[in-house]
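What you see is a predicted model, and the numbers here were worked out from it, not measured in a lab. Note on naming: letters A, B, ... go to the chains in the order of the sequence lines (proteins, then strands), and numbering restarts at 1 for each one.
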There are 2 protein chains.
Amino acid sequence: MTTASNPTKERILSAAELLFAETGIATTSLRRITARARVNLAAVNYHFGSKDGLIDAVYERRLGPVTDEWLTNIERLERQYGDDPAPVEEIVEAFVLPVARLASDEVRGGRIFMRLLAQGYSEARHYFEKLFSSQYQHVLDRYRQALRRDLPDVPGETLCWRLQFLLGALTQGLSGGELLKLIEGQADPRDTERAVNELIPFLVAGLKAPAPKPAEQPRLEPAAGTADSEGEIA
Amino acid sequence: MTTASNPTKERILSAAELLFAETGIATTSLRRITARARVNLAAVNYHFGSKDGLIDAVYERRLGPVTDEWLTNIERLERQYGDDPAPVEEIVEAFVLPVARLASDEVRGGRIFMRLLAQGYSEARHYFEKLFSSQYQHVLDRYRQALRRDLPDVPGETLCWRLQFLLGALTQGLSGGELLKLIEGQADPRDTERAVNELIPFLVAGLKAPAPKPAEQPRLEPAAGTADSEGEIA
DNA sequence: GTATGATTGAAACATCTGTTTGAAACTCGC
DNA sequence: GCGAGTTTCAAACAGATGTTTCAATCATAC
């Protein structure tokens with residue numbers, strides 16, 4: 001009914017995903033999408049209601065399986081280890097692998113979507129916040145609690161920060177590595193298997209790091225130059 | 001001539017930066033910008049030539065000082081330690097602080113720009129690639145080499161990957177933490193000083209992590225469900 | 001075959017986009 | 001005070017955008 005049985009709907013989704021990732025969501029017109037999908041312009045509004053509906057559908061198609069896998073994995077760990085803390089490595093792997101699997105889904109353009117995901121916070125923020133608070137928050141919290149049990153020396157707040165860093169490194173690392181190309185020609189940014197192999201020790205070590213000393217001295221003394229005050233705008 | 005002495009130019013830049021960060025670059029019209037800046041519509045084309053010119057100027061205004069500071073810091077370290085390897089902590093701090101200083105520049109809306117930076121790869125990619133290859137690549141390489149000397153056990157490629165992860169965690173961590181809010185209400189995402197304090201141990205530990213074992217078994221066996229083949233689009 | 005509902009098609013809709021124009025308003029040296 | 005150069009302004013420009021319309025086509029059950 002919803003998938004695969006309806007070819008034009010899927011054609012539109014794939015074309016949209018590709019073009020969104022290539023040139024951004026806002027700058028991609030429905031005409032470019034429908035031309036790429038070899039489908040009539042009106043088909044988008046017919047099948048998805050509006051461009052916003054299409055955007056939602058593009059994200060939904062990919063993110064659903066990831067959430068499911070996240071949930072499956074954490075539940076497996078909880079069952080497996082009971083009240084004992086699961087090893088950090090396994091928790092991290094349980095979190096990273098579903099995303100990596102998405103990124104490595106070449107035939108369905110997974111990596112393209114990863115780039116879309118990395119930019120999601122900006123262009124489709126309202127959708128993300130809705131989606132996040134309804135689904136991911138819950139899952140993410142399970143992972144946080146699992147890590148918490150395993151890292152008694154890391155304060156709760158610090159763990160929150162580190163989860164944020166983890167998410168940043170994860171999306172950046174799996175989104176195809178535009179930056180990596182620029183750092184040096186060496187590593188192949190398309191090698192997801194390799195990316196995972198590199199990511200996990202990095203993240204595990206970061207999570208396990210000793211908690212930062214509370215304050216020391218403030219390191220952010222005001223910058224040297226440029227002291228114009230810049231009037232507010234009403 | 002160029003800065004501060006020309007009020008409308010600065011007004012446009014600030015209004016554009018704010019709106020770009022709030023609603024994205026492509027979806028922000030010149031009319032919204034000029035209205036916010038209380039300036040005539042034609043002023044943008046008069047002062048910046050085009051919308052693209054304005055986008056460039058917005059990025060340039062913030063990124064110039066960061067690059068300068070990056071360069072200053074790495075040169076100070078090179079001078080200070082000579083042929084000895086500088087401690088990883090200091091290298092990381094020398095890299096993180098200029099960005100953090102930018103993010104904490106509340107009066108000039110630095111954090112807003114950080115969000116813009118985090119989304120920069122997608123919306124202003126062409127500009128970023130130009131800018132990156134002309135400026136950052138060079139600086140980033142100095143940091144990479146400094147770290148390389150200090151981490152002889154970490155293979156070159158692995159270090160490249162880790163630099164990428166570092167950049168991801170850095171932008172995500174300093175961009176105001178939309179995610180952090182959602183993880184849990186605890187930490188204050190606006191506390192840049194705190195973010196730096198948390199970032200540095202995390203990144204240092206990640207960089208120092210033992211190198212990953214080459215291959216093991218492939219961890220990305222194809223996902224369980226969803227086996228529709230998804231026709232290509234020509 | 002024919003009638004019913006879902007889908008496609010080409011064309012037009014109003015609106016918004018970045019940019020340009022040319023006249024008015026300034027600034028500043030003389 | 002005047003006039004050259006810079007900056008502002010309102011108005012218009014051509015083009016692209018998302019959406020709607022309504023007839024044509026398709027599939028399917030009777």
Side-chain angles (χ1 to χ4, degrees), chain A residues 1-59 116 122-127 228 231 233-234, chain B residues 1-60 116 122-127 231 233-234:
Chain A
M1 321 215 187
T2 48
T3 56
S5 68
N6 191 332
T8 81
K9 225 171 155 180
E10 288 295 315
R11 297 176 69 83
I12 293 174
L13 281 175
S14 294
E17 183 178 70
L18 184 72
L19 292 174
F20 283 167
E22 267 179 5
T23 33
I25 295 176
T27 46
T28 301
S29 68
L30 293 185
R31 283 168 177 81
R32 286 241 312 280
I33 294 172
T34 52
R36 186 93 161 80
R38 288 204 304 261
V39 149
N40 188 272
L41 169 62
V44 171
N45 288 279
Y46 178 76
H47 285 287
F48 300 98
S50 65
K51 188 184 182 182
D52 277 330
L54 172 60
I55 297 170
D56 284 11
V58 166
Y59 277 108
L116 205 50
S122 57
E123 284 210 79
R125 189 178 316 159
H126 70 285
Y127 170 72
D228 42 346
I233 313 180
Chain B
M1 322 212 180
T2 47
T3 56
S5 68
N6 192 332
T8 81
K9 223 171 156 180
E10 288 296 316
R11 296 175 71 84
I12 293 174
L13 282 174
S14 294
E17 183 179 71
L18 184 72
L19 292 174
F20 283 166
E22 267 179 6
T23 35
I25 295 176
T27 45
T28 302
S29 68
L30 294 185
R31 281 168 176 81
R32 286 241 311 282
I33 295 172
T34 52
R36 187 93 160 81
R38 287 204 305 258
V39 149
N40 188 271
L41 169 61
V44 171
N45 288 279
Y46 178 77
H47 284 287
F48 301 97
S50 66
K51 188 184 182 182
D52 276 329
L54 173 60
I55 297 170
D56 284 10
V58 166
Y59 276 107
E60 211 109 24
L116 203 50
S122 57
E123 283 211 79
R125 192 180 313 160
H126 70 285
Y127 170 72
I233 312 179

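- The line from NZ of B/Lys9 to CG of B/Leu54 is 11.0 Å long, rounded to the nearest 0.5 Å.
- Rounded to the nearest 0.5 angstrom, B/Arg38 CZ and B/Arg11 CZ are separated by 5.0 Å.
- Residue-level contact check: B/Thr28 touches the backbone only, with heavy atoms under 4.0 Å from sugar-phosphate atoms and none from bases.
- The structure places CD1 of B/Ile55 at 5.0 Å from CD1 of B/Ile25, a figure rounded to the nearest 0.5 Å.
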Show each protein N/O and nucleotides 4-6 of chain C N/O combination with a separation under 3.5 Å, one pair to a line.
none

Counting only pairs under 3.5 Å, give me each side-chain donor-acceptor contact of residues 42-49 of chain A, with atom names and distances, residues two or more places apart or in other chains.
{"from": "A/His47", "atom 1": "NE2", "to": "A/Thr8", "atom 2": "OG1", "distance (Å)": "3.4"}

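- B/Ser29 has a side-chain polar atom (N or O) that falls below the 4.0 Å cut-off from OP1 or OP2 of C/dT17.
- Across the protein-nucleic acid pair, B/Phe48 atom CZ and C/dT19 atom P stand 13 Å apart, rounded to whole Å.
- Straight-line distance from the CG atom of A/Asn40 to the C1' atom of D/dT19: 13 Å, rounded to whole Å.
- As a whole-Å value, the separation of B/Asn45 CG from D/dA11 C1' is 15 Å.
- Take the nearest nucleotide of DNA chain D for A/Gly49 and for A/Arg32: the residue whose nucleotide is more 5' is A/Arg32.
- Considering only residues two or more places apart in sequence or on other chains, B/Thr34 meets the side chain to side chain donor-acceptor pair (under 3.5 Å) condition with none of them.
- Between the OG atom of B/Ser50 and the CG atom of B/Asp56 there is a distance of 8.0 Å, given to the nearest 0.5 Å.
- The side chain to side chain donor-acceptor pair (under 3.5 Å) check on A/Arg32 picks up A/Thr23, with sequence neighbours excluded.
- Considering only side-chain atoms of B/His47, the nucleotide from D/dT8, D/dT19, C/dT17 that sits closest is D/dT8.
- Between A/Thr8 and C/dT8 there is a side-chain N or O to OP1 or OP2 distance below 4.0 Å.
- When the C1' atom of D/dT17 is taken as reference, atom CG of A/Leu41 falls 10 Å away, rounded to whole Å.
- Going from atom OH of B/Tyr59 over to atom CG of B/Leu13 covers 13.5 Å, rounded to the nearest 0.5 Å.
- Side chain of B/Arg36 to main chain of B/Ala15: no donor-acceptor pair is present (N/O by atom type, distance under 3.5 Å, no hydrogens or angles).
- Remark: C1' of D/dT17 and CG of A/Leu30 are 8 Å apart, rounded to the nearest angstrom.
- For the pair B/Asp52 CG and C/dG18 P, the computed distance is 10 Å after rounding to whole Å.
- When each of D/dT20, C/dT19, D/dT17 is scored by its nearest atom to the side-chain atoms of B/Arg31, the top-ranked nucleotide is C/dT19.
- Atom CZ in B/Arg38 sits roughly 14 Å away from atom P in D/dT8 (whole-Å rounding).
- Proximity note for B/Lys51 (side chain, C-beta onward) versus D/dT19, D/dT8, C/dT19: the nearest is C/dT19.
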Quiz item: Which nucleotides of nucleotides 22-27 of chain C have their base under 4.0 Å from a protein heavy atom (B), which only their sugar-phosphate (S), and which neither (-), written as one string 5' to 3'?
Solution: ------

